[in-house]
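This structure is in structure tokens; I'll ask about it shortly.
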Amino acid sequence: MKYRSEIDGLRAVAVIPVILFHAGFGVFSGGYVGVDVFFVISGYLITMILLAEIEDGTFSIVRFYERRARRIVPALFVVVVACMPFAWMWMIPTQLRDFGQSVTAVVFFVSNFLFWNEAGGYFAPAAELKPLLHTWSLAVEEQYYLFAPLSLAVLWRFGRRTVFWLVVATAVLSLLATEWGWRYAPRANFFLPQFRIWEILAGSICGFLATRHAPRPNNLLSALGLAMIVLAIFAFDENTPFPSFYALLPVVGTALIVMFAHKGTYVARLLSARALVGIGLISYSAYLWHQPLFAFARIRSLAEPEPELMMALAALSVGLAYVSWRFVEQPFRRRKPALLPTRRAVFVASTAAGVLLASVGTYANVSKGIPSRLASIEKGSREEKLIASAGRPMADKGCDRSGVPEGVGALCPIYQPTNPQRRILIVGDSHSHALLPAFAGVGEHNTVYWMGAASCPPIIGVSVHGGLYELGLCEELARRELQAAKEGMFDIVVLVSRWSFYPVGLKNKVLISREGATRYPSQADAHEAFAEKLPETVRQYLELGVTVVLVDQIPEQKVLPQKVLEQAALLGLRGGLDDEAFEQAIWETSTTVENAKARLAFTRGELEKLRGDKVWVLSFDDQFERDGRYVWGDRNGAFYSDQDHLSVHGNAFLKDNVTAAFEEIARTLRRP
């Protein structure tokens, strides 16, 4: 196959945005599409090689896998080994355990399945701390190439035309699957091969066409292709449903360049620039090095590293890429001279190195992160109390869950004083349960019950799509909550929820619709359902004669406070930890008021519309605000158990405010 320098230049266009996206530079908000560009290029080049060998009668599956091993394994294993000392020094036990799992998964090229099974997903803040997260794309490619060459050789007996249309049909089915997947199985859609294969097959289709009907160079189509890729890089962000039909932009754009940016076109000249070609040649190693550098920089620092440092690390990834390309990739890819000149040597060495790495990874996993490498935190010490402050606030008590579907929705007595003044019912999702200890002061003089379930908003007449339960359960629970308020003769009903989770969604993954809707809702559908059904729900409670209290959600955080606390202990901040320095680190890692208010603008506006004589709206944002940020803790610990639920310390922190708010409500109820 004739060398095309513009393809190497296109690799540079793919890898640079990926690196800058992972470095945290917001202007490259869609830089992750560089991986999709790589998929198309890979499918095209491999198909061109395979078709040539099959038609010449020289195809060998063993030789194919030898080439893949020489191309992929040496640099990959070198990077994994380079990560290990830093993982040992800087990772807390849970992080090292997860790292060990990823090392083992990388060896067997199944890391995409590992990350699929982990909470959060590719765009979650915790993902930035995974040094080997980026290997998911290598796993997808190798899973495809495990079967594609053999399938191609077997199916070839039915004719080239039949194989081509089978490839097209498979690509179309995979594309349709990914459009379904982003709505109903978003993590699987991002990581698993059946949702990604169409991108590689798009390159394969280009390979089929190019080997029989070489297209003429076309300035317009090749320029359009480059523009499509650039548009995706700068217009997409983490909230773009991806992959989906949106992925057609970078995929089709890459295909247009592959097919029409031949020598002589403006795009070919641009992509053949020496600098771009040079980066393209080392793009595989650059891709391997960048994520570990960024992840360990973030692990080593409590706050987000400065942009200058991340840019320096991005440059370092390119420098390391040249070194590994020159001294690792090239010697192993060349047969003569080569470090491993024979096929047998390649397979034996790859297997031996893989077994060794998998053994190390397995040990880190089964030992739960090798906690013995760390100095123990003394029992009862300040450090232990700080870490414990981020724990979950309470477990259910006094709840009879027998006969309740899937164990949710029981009416639970929380506080039962001897001579209660009023009966209070708290309903809602997991946020309502996490807030219960903050009602301890209220519970000294009032009976307090709770009823709810995670991912089920206390809104009657809406369906929750993409939540924890099947459609129908949350709808039924909301009606049972209303019935419990009626039968229990409650005086006050408190609705607590992570309100924005339902009409705004979390990266377009969880949304509500009017009850009975079958298709996955758009954000506009969810907004309409929320704006219509929340007021109806409040009206139905008011008709029971109760006072309704709507508690707005606490600000959501970007970091996991407990991990920041553990990281602080590991990095030598124990013992003489300065309170001011610690609080500054908390402030730097906390969400900004501007960002939090932007996310909550719609739901907060809808809640405020309902404020009235018998409808109270409570917000505790002011308690968390410090100089333009909503802080996740103070010198005594974390207010959060995760990124959005209150912790033990957080409940104690808000207890007096909750008590004061309900005392004010009680005074208004006593008025004639």
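Values in this document were obtained by computation on a predicted structure and should not be read as measured data. Any value given below was found using the heavy atoms of this structure, including those in side chains, with hydrogens, waters and symmetry copies removed.
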Does a donor on one side chain and an acceptor on the other come within less than 3.5 Å for Glu329 and Ser285?
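A donor-acceptor contact under 3.5 Å links the two side chains.
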
Result of checking Phe28, Tyr32, Tyr287 against Phe21 for ring pair (Phe, Tyr, Trp, His ring centres under 6.0 Å)
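Going through the options one by one, the only one that passes is Tyr32.
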
Parallel, tilted or perpendicular: which one describes the rings of Phe191 and Phe115, with boundaries at 30° and 60°?
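Plane angle between 30° and 60°, so tilted.
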
In terms of side-chain heavy atoms, does Asn189 have a donor or acceptor partner in Tyr184 at a distance below 3.5 Å?
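Judged by distance alone, the side chains do not pair up.
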
Do Thr135 and Ser111 get their side chains close enough for a donor-acceptor pair, meaning under 3.5 Å?
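The criterion, which ignores hydrogens and geometry beyond distance, is satisfied for Ser111 and Thr135.
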
Is a side-chain N or O of Gln95 found less than 3.5 angstrom from the main chain of Leu129, in a donor-acceptor match?
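No: the side chain of Gln95 does not pair with the backbone of Leu129.
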
Specify the closest pair of heavy atoms between Ile46 and Arg68, including all atoms of both residues, with the distance to one decimal.
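Heavy-atom minimum between the residues: CD1-NH1, 3.8 Å.
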
Hey, is the main chain of Trp198 close enough, under 3.5 Å, to the side chain of Ser174 for a donor-acceptor pair?
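Present.
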
Under a plain distance cut-off of 3.5 Å, with no hydrogens placed, do Tyr284 and Ser324 share a side-chain donor-acceptor pair?
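Distance-only check fails for Ser324 and Tyr284.
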
Check the surroundings of atom CZ in Arg71: do more than 12 heavy atoms from other residues, nucleotides or ligands lie under 6.0 Å from it?
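Yes, enclosed.
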
So for atom OH, which belongs to Tyr266, do other residues, nucleotides or ligands contribute more than 12 heavy atoms lying within a distance under 6.0 Å?
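Counting neighbours around OH of Tyr266, 12 or fewer heavy atoms of other residues, nucleotides or ligands fall under 6.0 Å, so no.
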
Would a 4.5 Å heavy-atom cut-off, applied to side chains only, mark Met310 and Leu293 as touching?
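Answer no - side chains too far apart.
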
Answer yes when Glu6 and Arg11 have at least one side-chain N-carboxylate O distance shorter than 4.0 Å, and no when they do not.
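Between Arg11 and Glu6 there is no salt bridge, as every charged N stays at least 4.0 Å from the carboxylate O atoms.
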
Ion pair Glu55/Arg212, N-O distance below 4.0 Å:
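Looking at Glu55 and Arg212, the cut-off is met.
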
Check whether Arg183 reaches the backbone of Glu179 with its side chain - one donor and one acceptor, N or O, closer than 3.5 Å.
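Answer holds: yes.
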
Test item: Tyr65 side-chain N/O and Leu146 main-chain N/O as donor-acceptor pair under 3.5 Å
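Pair found, side chain donor or acceptor close to backbone of Leu146.
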
Does the side chain of Glu53 pick up a donor-acceptor pair with the side chain of Thr58 at under 3.5 Å?
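No donor-acceptor contact under 3.5 Å links the two side chains.
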
Which atom of Ser272 lies closest to which atom of Ser5, heavy atoms considered
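The answer is OG-OG, 2.8 Å.
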
Geometric class of the Phe294/His290 ring pair [parallel <30°, tilted 30-60°, perpendicular >60°]
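Aromatic pair His290/Phe294 classed perpendicular.
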
What's the separation between atom CG in Leu220 and atom OG in Ser222, rounded to the nearest 0.5 Å?
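Here the interatomic distance stands at 8.0 Å.
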
Looking at every non-hydrogen atom in both residues, tell me the closest pair between Ile233 and Val33 and how far apart they are.
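Minimum heavy-atom contact is CG1-CG2, 3.7 Å.
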
Among Val107, Leu288, Leu132, exactly one meets side-chain contact (heavy atoms from CB on, under 4.5 Å) together with Val80. Which residue is that?
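The passing option is Leu132.
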
Could you state the interatomic distance from OG (Ser244) to CG (Leu176), rounded to the nearest 0.5 Å?
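If we round to the nearest 0.5 Å, Ser244:OG and Leu176:CG are 12.0 Å apart.
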
Mark yes or no for whether Arg4, through its side chain, and Val258, through its backbone, hold a donor-acceptor pair below 3.5 Å.
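Checking the backbone N and O of Val258 against the side chain of Arg4, a donor-acceptor pair under 3.5 Å is found.
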
So Arg161 and Trp165, side-chain contact (heavy atoms from CB on, under 4.5 Å) or not? Walk me through it.
CA-CA 6 Å; Arg161 182 181 180 85; Trp165 287 111; 3.8 Å; yes

Where Phe296 and Ala87 come nearest, the two heavy atoms and their spacing
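Shortest heavy-atom separation between Phe296 and Ala87 comes out as CE2-N, 3.5 Å.
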
Looking at every heavy atom in both Val18 and Val35, which two are closest together, and how far apart are they?
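Minimum heavy-atom separation between Val18 and Val35: CG2-N, 3.9 Å.
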
Working note: His465 + Ile512, criterion side-chain contact (heavy atoms from CB on, under 4.5 Å); need CA distance, chi angles, decisive distance, verdict.
CA-CA 6 Å; His465 300 258; Ile512 58 172; 5.8 Å; no

Around Phe86, counting heavy atoms of other residues, nucleotides and ligands shown, do more than 12 lie under 6.0 Å from its CZ?
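Result for CZ/Phe86: open.
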
CG/Leu133 to CG/Asp98 distance, rounded to the nearest 0.5 angstrom?
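Rounded to the nearest 0.5 Å, the CG-CG separation comes out at 12.0 Å.
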
Could you give me the CA-CA distance, side-chain angles and deciding distance for Leu270 and Leu226, then say whether side-chain contact (heavy atoms from CB on, under 4.5 Å) is met?
CA-CA 10 Å; Leu270 174 63; Leu226 184 59; 3.8 Å; yes

Please indicate whether Tyr322 has more than 12 foreign heavy atoms, meaning atoms of other residues, nucleotides or ligands, lying under 6.0 Å from its OH.
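No, OH of Tyr322 has 12 or fewer neighbouring heavy atoms, counting only those of other groups under 6.0 Å.
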
I'd like to know if the side chain of Asp36 reaches the main chain of Val251, judged simply by a donor and an acceptor atom lying under 3.5 Å from each other, with no hydrogens or angles considered.
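No: the side chain of Asp36 does not pair with the backbone of Val251.
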
Measuring centre to centre across the rings, with the benzene-like ring taken for any Trp, is Tyr246 within less than 6.0 Å of Trp182?
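Ring centres of Trp182 and Tyr246 not closer than 6.0 Å.
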
Is there a donor-acceptor pair closer than 3.5 Å between any side-chain N or O of Ser42 and the backbone N or O of Phe38?
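Checking the backbone N and O of Phe38 against the side chain of Ser42, no donor-acceptor pair under 3.5 Å is found.
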
Measuring from Phe208:CZ to Leu51:CG, what's the distance to the nearest 0.5 Å?
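Rounded to the nearest 0.5 Å, the CZ-CG separation comes to 4.5 Å.
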
State, yes or no, whether a side-chain contact exists between Leu166 and Phe158 at a heavy-atom distance under 4.5 Å.
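The answer is no; the side chains never approach within 4.5 Å.
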
Between Glu66 and Arg63, does any side-chain N to carboxylate O distance fall below 4.0 Å?
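Arg63 and Glu66: not salt-bridged.
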
Does either side chain, that of Asp525 or that of Ser522, offer a donor lying less than 3.5 Å from an acceptor on the other one?
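A donor-acceptor contact under 3.5 Å links the two side chains.
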
Test your reading of the model: is there a side-chain donor-acceptor pair from Thr178 to the backbone of Gly181, 3.5 Å cut-off?
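Such a contact is absent between Thr178 side chain and Gly181 backbone.
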
Looking at every non-hydrogen atom in both residues, tell me the closest pair between Thr342 and Arg70 and how far apart they are.
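Nearest pair, atom of Thr342 first, then Arg70: O-NH2, 3.7 Å.
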
So does Thr240 get a backbone contact from the side chain of Asp237, meaning a donor-acceptor N/O pair under 3.5 Å?
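At least one qualifying donor-acceptor pair exists.
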
Can you tell which of Phe109, Phe113, Phe190 makes a ring pair (Phe, Tyr, Trp, His ring centres under 6.0 Å) with Trp136?
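Going through the options one by one, the only one that passes is Phe190.
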
When the ring centroid of His134 is compared with that of His22, is the distance short of 6.0 Å?
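No: the rings miss the under 6.0 Å criterion.
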
Atom CG in Leu155, atom CZ in Arg160: separation rounded to 0.5 Å?
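One gets 14.0 Å once the value is rounded to the nearest 0.5 Å.
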
Applying salt bridge (charged side-chain N to carboxylate O under 4.0 Å, His left out), run through Glu594 and Arg599 and close with a yes or a no.
CA-CA 9 Å; Glu594 180 182 6; Arg599 176 166 173 79; over 6 Å; no

Look up atom CD in Glu128 and atom CD1 in Ile299, then write down how far apart they are to the nearest 0.5 Å.
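Those atoms lie 11.0 Å apart.
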
Examine distances only and state if a side-chain atom of Thr47 and a backbone atom of Tyr44 form a donor-acceptor pair shorter than 3.5 Å.
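Side chain of Thr47 to backbone of Tyr44: no pair is present.
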
Using the rule given for side-chain contact (heavy atoms from CB on, under 4.5 Å), can you reason through Val167 versus Ile205, listing the C-alpha separation, both sets of side-chain angles and the distance that settles it, and then say yes or no?
CA-CA 7 Å; Val167 169; Ile205 293 170; 3.9 Å; yes

